[in-house]
Amino acid sequence: QGRLVESGGGSVQAGGSLRLSCAASVLIVNSRRCIGWFHQAPGKEEREGVAATNIGGKLEYYTDSVKGRFAIARDDSKNMLYLQMNSLKPEDSGMYYCAADRGFCADVWGGPGQFDDWGQGTQVTVSS
């Protein structure tokens, strides 16, 4: 089974920045197509897609609430995925998960299905 390991969460004040990192195993990189970040707000069960990109691709997908503030990036030489989060708001608080899927982002992003692989998550807390 492939592995995804997140890091980089923490506590910041509103308006601050954080960069999340996700280390993907070779199995993930070689067998999955879409990789991205999901947000689970405190007290909620659902995980909302934040940003995604195809492994080896250029297109980026963002949910409307983070456009212009967050940026997804990959370092393919290190099998790493990043999420640069700027101008953070209290509503950005919660757990952030790295996830990967066998389908292309154009087919799976924003859809009702779950991604195939998930990391353990990293906590982000934004205080007002």
Side-chain angles (χ1 to χ4, degrees):
Q1 187 174 1
R3 290 190 67 210
L4 297 162
V5 180
E6 304 94 334
S7 61
S11 298
V12 296
Q13 290 191 329
S17 298
L18 282 174
R19 189 176 83 151
L20 306 184
S21 300
C22 173
S25 67
V26 172
L27 179 61
I28 289 286
V29 173
N30 290 338
S31 64
R32 303 297 185 255
R33 293 190 172 96
C34 183
I35 190 167
W37 292 96
F38 287 74
H39 170 232
Q40 185 175 20
K44 293 190 176 181
E45 291 188 5
E46 64 272 18
R47 298 176 183 180
E48 178 191 24
V50 174
T53 182
N54 286 317
I55 295 174
K58 296 182 178 180
L59 292 179
E60 298 172 358
Y61 301 80
Y62 295 95
T63 192
D64 287 345
S65 62
V66 307
K67 287 179 181 177
R69 300 190 298 123
F70 291 11
I72 192 169
R74 297 190 327 270
D75 185 337
D76 293 337
S77 67
K78 299 179 180 178
N79 293 343
M80 294 292 295
L81 181 74
Y82 304 100
L83 184 68
Q84 179 67 43
M85 305 189 295
N86 300 323
S87 302
L88 282 161
K89 303 176 182 180
E91 53 263 42
D92 296 321
S93 296
M95 289 293 289
Y96 283 78
Y97 296 90
C98 180
D101 194 84
R102 286 166 286 184
F104 288 107
C105 290
D107 298 320
V108 301
W109 181 248
Q114 288 283 339
F115 272 38
D116 294 319
D117 304 276
W118 295 83
Q120 83 289 349
T122 186
Q123 177 73 40
V124 171
T125 302
V126 185
S127 58
S128 58

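Position 1 is the first residue of the sequence; numbering continues from there.
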Peer 1: Can a side-chain donor-acceptor contact be found between Gln84 and Tyr82 if the only test is distance below 3.5 angstrom?
Peer 2: no
Peer 1: Taking Arg69 for its side chain and Ser87 for its backbone only, find out whether a donor-acceptor pair lies under 3.5 Å.
Peer 2: yes
Peer 1: Keeping Arg32 on the side-chain end and Ala99 on the backbone end, is there a donor-acceptor pair under 3.5 Å?
Peer 2: no
Peer 1: Do Ile72 and Leu18 sit in one hydrophobic cluster, given that two such residues count as connected whenever their side-chain heavy atoms are within less than 4.5 Å of each other, even indirectly?
Peer 2: yes
Peer 1: Do the charged groups of Asp64 and Lys67 touch, with an N to O distance under 4.0 Å?
Peer 2: yes
Peer 1: Could you tell me which non-hydrogen atom of Leu81 sits nearest to which non-hydrogen atom of Cys98, and how far apart they are?
Peer 2: CD2-SG, 4.0 Å
Peer 1: What about Leu4 and Val29, same hydrophobic cluster or not, with Ile/Leu/Val/Met/Phe/Trp/Tyr joined at side-chain heavy-atom distances under 4.5 Å?
Peer 2: yes
Peer 1: Measure from the side-chain N and O atoms of Asp101 to the backbone N and O of Cys34, and report whether any donor-acceptor pair falls under 3.5 Å.
Peer 2: no
Peer 1: Evaluate ring-ring contact (aromatic ring centres under 6.0 Å, His included) for Phe70 paired with Trp37, printing each intermediate quantity in order.
Peer 2: CA-CA 11 Å; Phe70 291 11; Trp37 292 96; over 10 Å; no
Peer 1: Could you check whether Phe115 and Phe38 have their ring centres less than 6.0 Å apart?
Peer 2: yes
Peer 1: Which heavy atom of Gly9 sits nearest a heavy atom of Val124, and at what distance?
Peer 2: CA-CG2, 4.2 Å
Peer 1: Would you give the length of the straight line joining atom CG of Asn79 to atom CG of Leu27, rounded to the nearest 0.5 angstrom?
Peer 2: 11.0 Å
Peer 1: If we only count heavy atoms from C-beta on, is the Gln120 to Glu6 side-chain gap below 4.5 Å?
Peer 2: yes
Peer 1: Tell me whether Asp75 contacts the main-chain N or O of Met80 through its side chain, where contact means a donor paired with an acceptor under 3.5 Å.
Peer 2: no
Peer 1: So, Arg74 side chain and Asn54 main chain: donor-acceptor pair closer than 3.5 Å or not?
Peer 2: yes
Peer 1: Backbone N or O of Leu59 within a donor-acceptor pair of the Thr53 side chain at under 3.5 Å?
Peer 2: yes
Peer 1: Would you please say whether a donor-acceptor pair under 3.5 Å links the side chains of Tyr97 and Gln40?
Peer 2: yes
Peer 1: So do Thr63 and Glu48 actually touch side chain to side chain, heavy atoms under 4.5 Å?
Peer 2: yes
Peer 1: In Å and rounded to the nearest 0.5 Å, what is the OG to CD distance from Ser65 to Glu91?
Peer 2: 8.5 Å
Peer 1: If I compare all heavy atoms of Leu88 with all of Met85, which pair ends up nearest, and what's the gap?
Peer 2: CD2-CB, 3.8 Å
Peer 1: To the nearest 0.5 Å, tell me how far Ser31 OG sits from Asp117 CG.
Peer 2: 7.0 Å
Peer 1: Please name the pair of heavy atoms, one in Ile35 and one in Cys105, separated by the smallest distance, quoted to 0.1 Å.
Peer 2: N-SG, 4.3 Å
Peer 1: Minimum heavy-atom separation for Asp76 and Gly56, please, with both atom names.
Peer 2: OD2-CA, 4.3 Å
Peer 1: I need the minimum non-hydrogen distance between Leu83 and Val50, along with the two atoms involved.
Peer 2: CD2-CG1, 4.2 Å
Peer 1: Quick test of your reading of the model: are Arg33 and Asp107 salt-bridged, counting only N-O distances below 4.0 Å?
Peer 2: no
Peer 1: Taking the side chain as everything from C-beta on, heavy atoms only, tell me whether Val66 gets closer than 4.5 Å to His39.
Peer 2: no
Peer 1: Could you state the interatomic distance from OG (Ser128) to NZ (Lys89), rounded to the nearest 0.5 Å?
Peer 2: 13.5 Å
Peer 1: Using the rule that Ile, Leu, Val, Met, Phe, Trp and Tyr join whenever any side-chain heavy atoms are under 4.5 Å apart, tell me whether Val12 and Leu20 fall into a single cluster.
Peer 2: yes
